[in-house]
There are 2 protein chains.
Amino acid sequence: MESQDLRNVGLKVTLPRLKVLEILETTKQRHMSAEDVYKALLEMGEEIGLATVYRVLTQFQGAGLVSRLSIDDGHAVFELEDGTHHDHLLCVRCHQIEEFIDEVIEQRQRAIALEKGFEMTDHSLYIYGICQKCRQDKD
Amino acid sequence: MESQDLRNVGLKVTLPRLKVLEILETTKQRHMSAEDVYKALLEMGEEIGLATVYRVLTQFQGAGLVSRLSIDDGHAVFELEDGTHHDHLLCVRCHQIEEFIDEVIEQRQRAIALEKGFEMTDHSLYIYGICQKCRQDKD
DNA sequence: ATATAAATGAAAACCTTTCTCATTTACACC
DNA sequence: GGTGTAAATGAGAAAGGTTTTCATTTATAT
Ligand SMILES: [Mn+2]
Ligand SMILES: [Mn+2]
Ligand SMILES: [Zn+2]
Ligand SMILES: [Zn+2]
């Protein structure tokens, strides 16, 4: 049960938090905006305010339950944290998101930070492009 | 003279465009937000509206005179285009920006896009961290 | 059950960026 | 050098995603 997940990270067990967690765990799309989550809640019959959705997602991020991607167009999407770091490919046509891991890139990033005297705290890498399906549909 | 630079890219020579170009060429900080440029203009005694600064910077970008970076916090910064693609390291303390080029990373990105069937149109890579100076100051 | 601190909903505020529209300006032409 | 016309500008409004405010509701410790 998710109640324990919430208590484990020091959050009180409330209906909005349980429902948001449920959405994230059961929805087919792994990457969701706050608006996506909000709409999914409405469809589910839960009248939870958008402000609360934002608050809950931000708390989840702080608690390490979800991570937030900041897409170029000033739009954030959230995904359940699974412990494995990965980066993203984004289709500029259909907005589909794919994930990838590349240890060579990770390594080079660490080397560059070191070279420049930076203590790396984070990094973000997005590859933008046109996905296979969109390229077939028409170009 | 910059007038010719503007004509070369098909832009009429106007005072706002000349002054914005002058700021970008003479300021010590290579990476500037629209607000930064706007303030620099005010200090220079030029009363150019912020909307115009945004318009001019966007036109310059379209013309290939400047490039725009989208930083994580939904903030854009502009820099004079010098023809060489590069990526950025950002200090999360003092917001200093450093640049780097890494052909290994560039190559891997192309390979990943290919692997996933994406036609890459762009990519953005930011390494966040604490710069050398900020680490010395106190940690 | 009760008290208390925390969480919520609704709406307003925020912040950066873009748009609207009346006014000004650049530049081609005479 | 004037003139006409389309383009550029400034001020402010609007946009759009996100955060804040504040009165009300809720979770949890006692
Ligand atoms: Mn992901
Ligand atoms: Mn740069
Ligand atoms: Zn696509
Ligand atoms: Zn620093």
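Per chain, numbering begins at 1; letters A, B, ... match sequence-line order.
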Of Glu47(B) and Lys12(B), the one whose closest DNA chain D nucleotide lies more 5': Lys12(B)
Residue met sooner reading DNA chain D from 5', once Leu15(B) and Leu50(A) are mapped to nucleotides: Leu15(B)
Roughly, in whole Å, what's the span from [atom1] in [X] to [atom2] in [N]?
| X | N | atom1 | atom2 | value |
| --- | --- | --- | --- | --- |
| Glu46(B) | dT25(C) | CD | P | 13 Å |
| Arg17(A) | dG9(C) | CZ | P | 11 Å |
| Leu57(B) | dT18(C) | CG | P | 10 Å |
| Tyr38(B) | dG12(D) | OH | C1' | 12 Å |
| Asp73(A) | dT18(D) | CG | P | 9 Å |
| Arg55(A) | dA7(C) | CZ | P | 10 Å |
| Lys19(B) | dA8(D) | NZ | P | 19 Å |
| Leu11(B) | dA6(D) | CG | C1' | 15 Å |

[X] side chain near [N] phosphate (N/O to OP1/OP2, under 4.0 Å):
| X | N | answer |
| --- | --- | --- |
| Tyr54(B) | dT18(C) | no |
| Thr14(A) | dT8(C) | yes |
| Thr52(A) | dG9(C) | yes |

Test log, rule side chain to side chain donor-acceptor pair (under 3.5 Å), inputs Glu35(B) and His75(B): CA-CA 10 Å; Glu35(B) 192 77 35; His75(B) 222 244; over 6 Å; no
Closest nucleotide among [options] to the [X] side chain:
| X | options | answer |
| --- | --- | --- |
| Pro16(B) | dT9(D), dC27(C), dT8(C) | dT9(D) |
| His75(A) | dG17(D), dT18(D), dT28(D) | dG17(D) |
| Ala51(A) | dT20(D), dA8(D), dT18(D) | dT20(D) |

N/O donor-acceptor pair, side chain Arg68(B) with base dT17(C), under 3.5 angstrom: no
Residue whose closest nucleotide on DNA chain C lies nearer the 5' end, Ser33(B) versus Arg7(B): Ser33(B)
Result of checking Leu57(A), Val53(A), Val20(A) against Tyr38(A) for side-chain contact (heavy atoms from CB on, under 4.5 Å): Val53(A)
Sugar-phosphate, base or nothing in reach of Ala34(A), heavy atoms under 4.0 Å: nothing
Sugar-phosphate, base or nothing in reach of Glu35(A), heavy atoms under 4.0 Å: nothing
Thr121(B) side chain vs Tyr128(A) backbone, donor-acceptor pair below 3.5 Å: yes
Expected output: side-chain Arg135(B) to main-chain Gly117(A) donor-acceptor under 3.5 Å: yes
Criterion side chain to side chain donor-acceptor pair (under 3.5 Å) on His85(A) and His123(A), from CA distance to verdict: CA-CA 10 Å; His85(A) 166 76; His123(A) 70 94; 3.0 Å; yes
